[in-house]
Amino acid sequence: MDKAYDHSKTEERIYKMWEDGKYFTPEVNPNGKPYSIVLPPPNVTGTLHIGHALMLVIEDILIRYHRMKGFKTVWIPGTDHAAIATQSKVEAILYKKEEKTRFDLGREEFLKKVEDFAKESHDTIVNQVRKVGASVDWGREAYTLDEKRNLAVRTAFVRMYEDGLIYRGETIVNWDPKLQTTVSDDEIEWKEETTPLYYFKYGPFVMSTARPETKFGDKFVVMHPKDKRYKDYKEGQKIDVEWIEGKITATVIKDEAIDMEFGTGAMTITPWHDRTDFEIAKRHNLPFSQIIDFNGKLLPIAGEFSGLHIKKVRPLIIEKLKEKGLLVKVDEKYVHNLATNYRGGGVIEPQVKKQWLVDVNKEFEMEQSEIEGIKSGSVVTLKKLMKHVVEESQITIMPSNFIKTYYHWIDNLRDWCISRQIWYGHRVPVWYKGEEMYVGINAPKGEEWEQDSDTLDTWFSSGLWTFSTLGWPEKTEDLKIFHPTSVLETGYDILFFWVARMILMTTYLLGQVPFRKVLLHGLVRDANKQKMSKSKGNVIDPLDISQKYGTDALRIALIFSTAAGNDIPMSEDKVKGMKFFVNKLWNIGRFIEMQAEENNLSLDREGMSYKPSGDKEEEILKKAKGAISDINKNIEAFQLHLAAQTLYDFTWHTVADEYIEYVKVSENKKQSIAVLYNIFLEILKLLHPFAPFVTEEIYQRLYPEEAKKKPLIIASWPK
RNA sequence: GACCACUUAGCUCAGCGGUAGAGCGCUUCAUUCACAUUGAAGAUGCCGGGGGUUCAAAUCCCUCAGUGGUCACCA
């Protein structure tokens with residue numbers, strides 16, 4: 001054996017050996033109890049970052065542990081088409097390279113470009129997944145936008161439509177004029193902004209607004225019914241008002257949504273471009289009209305300002321109102337939150353638009369249910385389902401402090417807008433012919449039917465992930481054996497986006513939970529606790545690290561010393577330290593090899609048969625037993641960092657520092673070495689899920705008798 | 001505003017009811033003998049402040065303070 005472990009000489013060879021041996025498939029333990037994980041599919045928008053590496057490592061540890069314990073284990077890999085994210089990325093590249101927009105290319109040609117990009121990104125990701133040693137079953141790989149997943153999406157959509165859970169409606173949506181699409185509430189990122197707040201005279205009232213450019217159509221002035229300042233004004237009262245474009249007749253409305261503390265307690269409403277206003281208008285049956293078009297330009301209602309972009313028009317309107325003597329005052333230091341699209345950064349302009357939505361409050365009959373406490377045929381809502389399975393502990397969320405956040409999110413959940421006006425994604429399975437509409441899995445027969453041009457929110461398809469990857473809607477063997485999946489492991493940042501949506505879709509469509517447990521990991525941050533980002537230049541590329549220090553060192557560093565759910569500070573020094581540990585392991589192996597040779601011991605059962613005779617031997621065996629029991633307990637409790645620490649400590653400070661030093665001076669050397677030889681095998685097994693490459697390599701060299709029967713990856717786990 | 005987490009050695013963090021721990025850093029010494037990617041010894045802590053429960057609290061409860069995060073609202 002070489003003096004130091006060289007990961008560059010082993011990793012690729014070993015991964016190939018595992019793959020060729022088909023050890024990643026459930027067939028290695030055909031009769032075991034099923035254990036399944038679906039990989040949270042990375043977006044095909046680029047390459048994997050260190051957070052993905054953490055996710056892969058945690059899941060790989062769970063998978064390898066269960067595989068060695070004899071479970072019929074499957075880990076399903078895949079990638080996510082990430083609709084809007086991928087499309088906007090390609091649009092950006094297209095614009096930079098050719099100064100063209102997607103409309104210049106047309107749907108078909110543009111989609112071809114996106115697909116090429118996605119393919120390339122996919123290949124990079126797959127390569128990265130292999131590099132971190134993930135023992136995923138490549139034969140079962142899936143893509144959220146491939147044929148099979150498309151069938152699942154269409155089937156789900158149609159079923160939900162038939163149950164009245166999907167509807168098409170005029171509603172106020174978050175419109176991104178930049179990307180020309182709606183986005184869901186969860187895709188909004190609020191940015192704090194200081195902006196002037198203008199106070200205008202509006203008849204006898206003073207109203208305030210940060211957005212004068214939307215105020216053209218305001219013919220309703222709203223106040224709280226209990227506001228004493230306005231007690232003389234009655235609901236429905238008409239008042240003549242001098243406004244931007246001359247005299248108008250305003251109507252008084254009383255509504256409890258008004259905050260009496262804010263401004264003057266009176267406000268005018270713009271239902272087409274504000275959610276609160278929209279809701280007030282709906283409650284009072286008020287008409288509403290569009291002021292701003294979908295590109296952000298003013299419509300003819302704005303009179304002389306018609307056709308101008310809202311950005312340009314604001315100062316002009318303020319000037320005009322000032323001239324008319326309607327400007328009362330300006331509060332320059334008004335702080336509010338500006339809605340932006342978190343994928344692309346465009347400022348959100350609320351608009352009323354026809355969209356497809358999922359009704360989360362509508363009661364429906366559960367066709368078939370295996371969920372405890374929900375019988376087949378009982379009446380539920382999607383919200384109720386989502387809450388029930390967590391409340392009744394049919395899904396355990398870890399760490400448990402996220403449960404409260406989860407409930408809170410459900411309580412605030414509004415109908416989920418699932419249609420997007422982008423091109424990359426699953427097309428809505430709805431066809432139109434004149435006034436007629438057809439909703440179905442396949443296109444209707446006959447000419448002249450035109451498919452809805454919208455695509456679906458990417459989370460609609462990833463919500464089906466635990467079972468669409470197993471073959472649903474077909475009733476496959478995989479689905480029968482592996483669903484519900486055992487654990488879903490992912491970052492806490494997508495608890496709402498994804499985890500909640502999976503629970504919604506799966507409980508409804510299958511009458512099952514998608515997984516028994518949810519394990520949430522933290523965000524990987526840099527040594528200064530900063531979020532890693534390209535613009536900050538503090539990104540640690542997992543591949544660089546793994547090339548420099550070895551994948552095993554990277555893996556242990558990611559797991560070591562950080563409790564689940566907490567953010568993880570990552571530094572190269574930490575990885576370096578773990579490389580030392582990997583090398584220590586290697587040198588214990590070397591020590592055994594050299595001692596065996598010197599003492600004429602063959603590396604096999606017979607040569608190393610032992611009778612633990614001395615005190616030291618008894619002691620180390622006892623300690624090993626203790627360590628094994630601790631590690632088992634820790635892994636079962638998902639305390640991987642504790643397991644890793646125990647292993648590190650036991651291997652280095654007990655076996656190497658104490659016992660090996662003793663072996664050197666032992667009077668009963670052969671027996672002492674034999675004991676070491678046997679304990680080291682246990683260590684290699686215990687460490688294998690954490691550091692799969694170096695342990696497999698040492699095992700192959702030092703334990704040829706065992707290795708001949710089976711490689712370490714499927715060796716039996718120490719009890 | 002609501003909710004959640006965090007506050008432990010110089011730094012990064014474990015531990016979460018029974019005499020304060022790890023890694024890195026620091027001091028001293030040893031050794032080229034599996035490994036200098038080494039070993040041994042050592043220094044450094046009112047375990048954020050205050051109160052309570054308990055035979056016993058870093059660990060459980062209450063409260064205050066600071067830090068970070070999530071969600072909601074914002075005319």
Side-chain angles (χ1 to χ4, degrees), chain A residues 1-5 185-186 188 190 192-193 195 197-200 202 206-212 214-215 218 221-223 257-259 261-270 273-277 280 334-339 399-413 492-493 495-496 522-523 525-529 531 549 553 556-557 560-563 565-574 576-595 598 639 641-642 644-646 648-649 652-653 656-658 660-661 663-665 676:
Chain A
M1 276 167 88
D2 292 337
K3 214 165 174 183
Y5 174 63
D185 292 343
D186 298 291
I188 286 180
W190 295 90
E192 203 167 82
E193 185 198 51
T195 189
L197 182 69
Y198 304 94
Y199 288 77
F200 297 117
Y202 188 81
V206 173
M207 53 75 90
S208 49
T209 182
R211 304 202 52 197
T214 65
K215 293 285 151 195
D218 290 14
V221 58
V222 192
M223 51 217 76
I258 298 296
D259 177 2
E261 307 288 310
F262 192 95
T264 59
M267 78 169 187
T268 63
I269 56 166
T270 315
H273 299 292
D274 184 282
R275 183 181 293 277
T276 313
D277 296 4
I280 293 172
Y334 175 62
V335 178
H336 76 152
N337 285 327
L338 187 68
S400 57
N401 49 287
F402 287 101
I403 294 174
K404 238 178 158 167
T405 327
Y406 174 79
Y407 292 148
H408 186 73
W409 179 81
I410 293 176
D411 291 339
N412 285 303
L413 187 63
Y492 66 71
D493 51 329
L495 177 62
F496 308 135
L523 263 45
R525 293 169 183 273
D526 75 0
N528 300 316
K529 284 186 156 186
K531 210 168 170 173
Y549 301 103
I556 305 170
F560 202 77
S561 209
T562 308
N566 288 354
D567 287 351
I568 299 152
M570 191 64 193
S571 65
E572 268 200 56
D573 276 350
K574 201 166 169 182
K576 210 161 133 191
M578 293 309 152
K579 187 191 152 88
F580 297 164
F581 176 62
V582 167
N583 192 56
K584 190 79 186 176
L585 207 64
W586 180 257
N587 273 293
I588 296 173
R590 248 186 103 206
F591 177 79
I592 293 172
E593 196 183 54
M594 290 164 95
Q595 290 292 325
E598 266 175 44
Q639 304 273 52
H641 65 295
L642 290 183
Q645 274 177 58
T646 308
Y648 180 98
D649 192 58
W652 200 315
H653 301 303
D657 292 349
E658 280 180 34
I660 286 189
E661 290 311 309
V663 171
K664 289 178 188 169
V665 296
L676 178 63

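So that the names make sense, note that chain A is the first sequence line, chain B the second, and so on, each numbered from 1.
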Could you tell me the separation between the [atom1] atom of [X] and the [atom2] atom of [N], rounded to a whole number of Å?
X: A:E593; N: B:C35; atom1: CD; atom2: P; result: 13 Å
X: A:W190; N: B:A2; atom1: CH2; atom2: P; result: 20 Å
X: A:K576; N: B:U12; atom1: NZ; atom2: C1'; result: 16 Å
X: A:I592; N: B:C35; atom1: CD1; atom2: C1'; result: 13 Å
X: A:Y334; N: B:C74; atom1: OH; atom2: C1'; result: 4 Å
X: A:R275; N: B:C74; atom1: CZ; atom2: C1'; result: 14 Å

Which nucleotide wins on minimum distance to the side chain of [X], given the candidates [options]?
X: A:D259; options: B:A14, B:A75, B:A34; result: B:A75
X: A:Y648; options: B:C74, B:A34, B:G23; result: B:G23
X: A:T405; options: B:U70, B:A14, B:G23; result: B:U70
X: A:F262; options: B:C35, B:A75, B:A72; result: B:A75
X: A:Q595; options: B:A75, B:A14, B:A34; result: B:A34

With a 4.0 Å cut-off on heavy atoms, is [X] in touch with a base, just the backbone sugar-phosphate, or nothing at all?
X: A:Y492; value: nothing
X: A:I269; value: nothing
X: A:M594; value: sugar-phosphate
X: A:L197; value: sugar-phosphate
X: A:K3; value: sugar-phosphate

For nucleotides [N] and [M], find the distance between their [atom1] atoms and express it as a whole number of Å.
N: B:A34; M: B:A40; atom1: P; value: 15 Å
N: B:C13; M: B:G68; atom1: P; value: 14 Å
N: B:A14; M: B:A72; atom1: C1'; value: 35 Å
N: B:U54; M: B:U44; atom1: C1'; value: 32 Å
N: B:G49; M: B:A58; atom1: P; value: 11 Å
N: B:C26; M: B:U67; atom1: C1'; value: 28 Å
N: B:C4; M: B:U27; atom1: P; value: 46 Å
N: B:C16; M: B:G42; atom1: P; value: 26 Å

Counting only side-chain N and O atoms of [X], is one of them less than 4.0 Å from OP1 or OP2 of [N]?
X: A:H641; N: B:A22; answer: no
X: A:K404; N: B:U70; answer: no
X: A:T268; N: B:A75; answer: no

task: Classify the side-chain pair A:E658/A:H653 by whether it contains a donor and acceptor separated by less than 3.5 Å.
output: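 There is no such pair between these side chains.
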
Do [X] side-chain atoms and [Y] backbone N/O form a donor-acceptor pair below 3.5 Å?
X: A:T264; Y: A:V206; value: yes
X: A:N587; Y: A:N583; value: yes
X: A:D277; Y: A:I269; value: no

message: As a quick check of understanding, evaluate side-chain contact (heavy atoms from CB on, under 4.5 Å) for A:Y648 and A:K584, giving each step before the final call.
response: CA-CA 10 Å; A:Y648 180 98; A:K584 190 79 186 176; over 6 Å; no

task: Do nucleotides 37-44 of chain B as a string where each nucleotide becomes B, S or -: B if the base has a protein heavy atom under 4.0 Å, S if just the sugar-phosphate does, - if no protein is that close.
output: BSSS----

field: Dot-bracket encoding of pairs in RNA chain B, which uses [ ] for pseudoknotted crossings and | for another strand, Watson-Crick or G-U under 3.5 angstrom
entry: (((((((..((((....[..)))).(((((.......))))).....(((((..]....))))))))))))....

message: With nearest nucleotide decided by heavy atoms, which residue, A:N401 or A:H408, maps closer to the 5′ end of RNA chain B?
response: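 Whichever sits nearer the 5' end wins; that is A:N401.
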
message: Both A:R590 and A:Q639 contact RNA chain B. Taking the nearest nucleotide for each, which residue is further toward the 5' end?
response: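 The residue closer to the strand's 5' end, by nearest nucleotide, is A:Q639.
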
